[in-house]
Amino acid sequence: MPDQAPILQPFHQEDAIIEIDLHEVVSKLKKHYRLVLNFVYVCVGVAFLYSLIARPVYRSTARILVENKAPRITKVDDQVFTDYEDRANYYNSQIEVLKSRSVGQLAYDALGGYQPWGSLRGRGRDSGKLTEDERIGLLLKHIKVSPVRMTQIVEVSAEDVDPVLAAEIVNNWVNAYIVFSSMDQLIQRKSELETEIDQNLKYVKEKHPIIQGLRSEIEAIDAKIKGERQKSFNASVKVLDSGQVAKSPVRPKLLFNLIMALFLGGFSGVAFVFLLENIDQSIKNPSDIENFLHMPCLAAVPPYQPEKDAKDSFPCALVSAQDSRSILTERFRSLRTGIIYSNPDLSKKVLLVTSAGPSEGKTTSAVNLATAFAKFEGRVILVEGDLRKPALHTVFNKPCENGLTELLASEHMDFRKYVKDTGIANLDFISCGAIALNPAELLGSKKLGLLIEELLKHYDRIIFDAPPVLAATDAVVLSTKVDAVILVCKSGLTHRQAAIRSAKLIHSVHARVLGSVLNMVKLEDSKEYAYYNYYLQNAQKV
């Protein structure tokens, strides 16, 4: 009978402590390496294609010195202070002037207009419907003003698909700024006169003397502005370097784009792999068992892979009996050893093997574990505990009839009449018998307890192959009759929440859970697998 206190403490999923296992991270990347490579291929391909079809863009840069008057000296209570804030404000203001639409308007006029361009070859902008204001806005987008730190020097850059035009734009921009700086009062007066004309036209006609006088004043201001443009001179601004015609484009840069695409593709691929792994809520490795179920992983069992020159084939459940050198057999030997040393007083002789859901390998695990015990510590009997969908009789190729159902229904319960030979030394089994209509009642009956007591007089170990926990209450009921429970999970199939729910149900009836067996774990990349292969190869040479 099971102990009243479970071996494991009650747990909650949110209490799990997740540790970063570098080997696990590498394993995940190796598992999805093709996906990562696909991300890299796509990004590199897009970058290469873009570099081929993108229009080459050229940049021309001019450098100007924005000078200011000496800092203001302030005297307060016989203390002399130098006000540098006024200089800084002036410098920052000039930066904003260089970026302004007013300067852009002057540069646009000097260029005689501006033709926008598209980013791809053979796909120019349809500029016929653009207004002048929209053209100036597009021109501003290709102007960059960059102050040189700790100096009064400003770099002005212009970009265009035509290297000659890029140089013309930046030089005209600098000249427009110079004109704006020297003629800002004239420009302001011109703006005021244009506003006054608009207001007067509401009451008088265009040929009215007032309008004619205002027009004449505007013409005079335009003449002055034109003269200043031709001079291109101002005491507070000096052109250090004029814009030159670029010999090579600034973009696209094929090599740079390919390198960036390589890193971006790799990073995106790795990020997607971990996103995919996090979305996948199945249990995949032993650390998931420990972190989410709060129980030890007693054995991580890989898929069975027979040797290439093997002539005979047999079910996976019989590997421990037929192939003593396989790593799968070694894992069940290790499981057997772990159970024995977790139970030094040998009181835990009745084990139940179950799983959260179907097709997770509980029958295979039960048979291989029973075989491992039979080869080590005397007589073992396997009992079919799944009275709804039995499987043990198919493993041993025996009839299902005359099994546990009939045994529990008999008056004398002489189990010897129902025991079947497995063909494996020291290992017998009892099949299901007729499919029961009330399996939970049979498994929870006193007769089953009496049967276990009788079997223990003749066998050193009893192992029940129970139905899935979440399929019916049978496994939970049966867990109260045994000494310990082993929960089988299948890597990549058993849902995390299903396993947690199964463990909680078993704990709820105070059954004792030794731990879990994780099936179908890929161990090809693990050091343990490499050590085993090395040992096996050297053993064959001896």
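Numbers for residues simply follow the sequence, beginning at 1. What's counted below: heavy atoms across the whole structure, side chains too, no hydrogens, waters or symmetry copies. Treat the numbers as computed from the prediction; the structure is a model and nothing was measured.
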Determine yes or no for a side-chain-to-main-chain donor-acceptor pair under 3.5 angstrom, with [X] supplying the side chain and [Y] the backbone.
X      : Y      : result
Arg63  : Glu155 : no
Asn38  : Arg34  : yes
Ser60  : Gln244 : yes
Asn368 : Ser320 : yes
Trp173 : Tyr108 : no
Lys144 : His142 : no
Ser491 : Val521 : no
Thr151 : Ile153 : yes

Holding to side-chain hydrogen bond (donor to acceptor under 3.5 Å, both in side chains), I want the full list of residues that pass it with [X], two or more places apart in sequence or in another chain.
X      : result
Ser355 : none
Asn171 : none
Glu360 : Thr494
Gln94  : Tyr177

Does a side-chain N-to-carboxylate-O contact under 4.0 Å join [X] and [Y]?
X      : Y      : result
Arg215 : Glu206 : yes
Arg251 : Glu159 : yes
Glu192 : Arg189 : yes
Arg496 : Asp288 : no
Asp160 : Arg59  : no

Between [X] and [Y], a side-chain donor and acceptor under 3.5 Å:
X      : Y      : result
Ser287 : Asn285 : yes
Asp109 : Gln105 : yes
Ser326 : Thr329 : yes

Would you tabulate the side-chain donor-acceptor contacts of residues 194-204 under 3.5 Å, counting partners in other chains and residues two or more places apart, or write 'none'?
unit_1: Thr195; atom_1: OG1; unit_2: Ser191; atom_2: O; d: 3.0
unit_1: Asn200; atom_1: ND2; unit_2: Glu196; atom_2: O; d: 2.9

- Item | Distance in Å, His507 NE2 paired with Met295 CE, rounded so as to fall on 0.5 Å steps |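 Reported value, rounded in 0.5 Å steps: 5.0 Å.
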- Query: If you draw a 6.0 Å radius around CZ in Phe274, do more than 12 non-hydrogen atoms from other residues or ligands fall strictly inside?
  - Reply: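 Yes.
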- Message: With a sphere of 6.0 Å drawn around CZ of Arg101, does it hold more than 12 non-hydrogen atoms of other residues, nucleotides or ligands?
- Response: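 Above 12, so yes.
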- Measure across Leu369 and Phe332 and return the closest heavy-atom pair with its distance rounded to 0.1 Å.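 Taking Leu369 first and Phe332 second, the nearest heavy atoms are N-CD2, 3.9 Å.
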- Mind listing the closest non-hydrogen atom pair of Cys489 and Ala499 along with its distance?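 Where Cys489 meets Ala499 most closely, the heavy atoms are SG-CB, 4.2 Å.
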Please output the side-chain donor-acceptor pairs of residues 253-271 that fall under 3.5 Å, not counting sequence neighbours, one pair per line with the distance.
unit_1: Asn257; atom_1: ND2; unit_2: Ser51; atom_2: OG; d: 3.0
unit_1: Asn257; atom_1: ND2; unit_2: Lys253; atom_2: O; d: 3.3
unit_1: Ser268; atom_1: OG; unit_2: Leu264; atom_2: O; d: 2.7

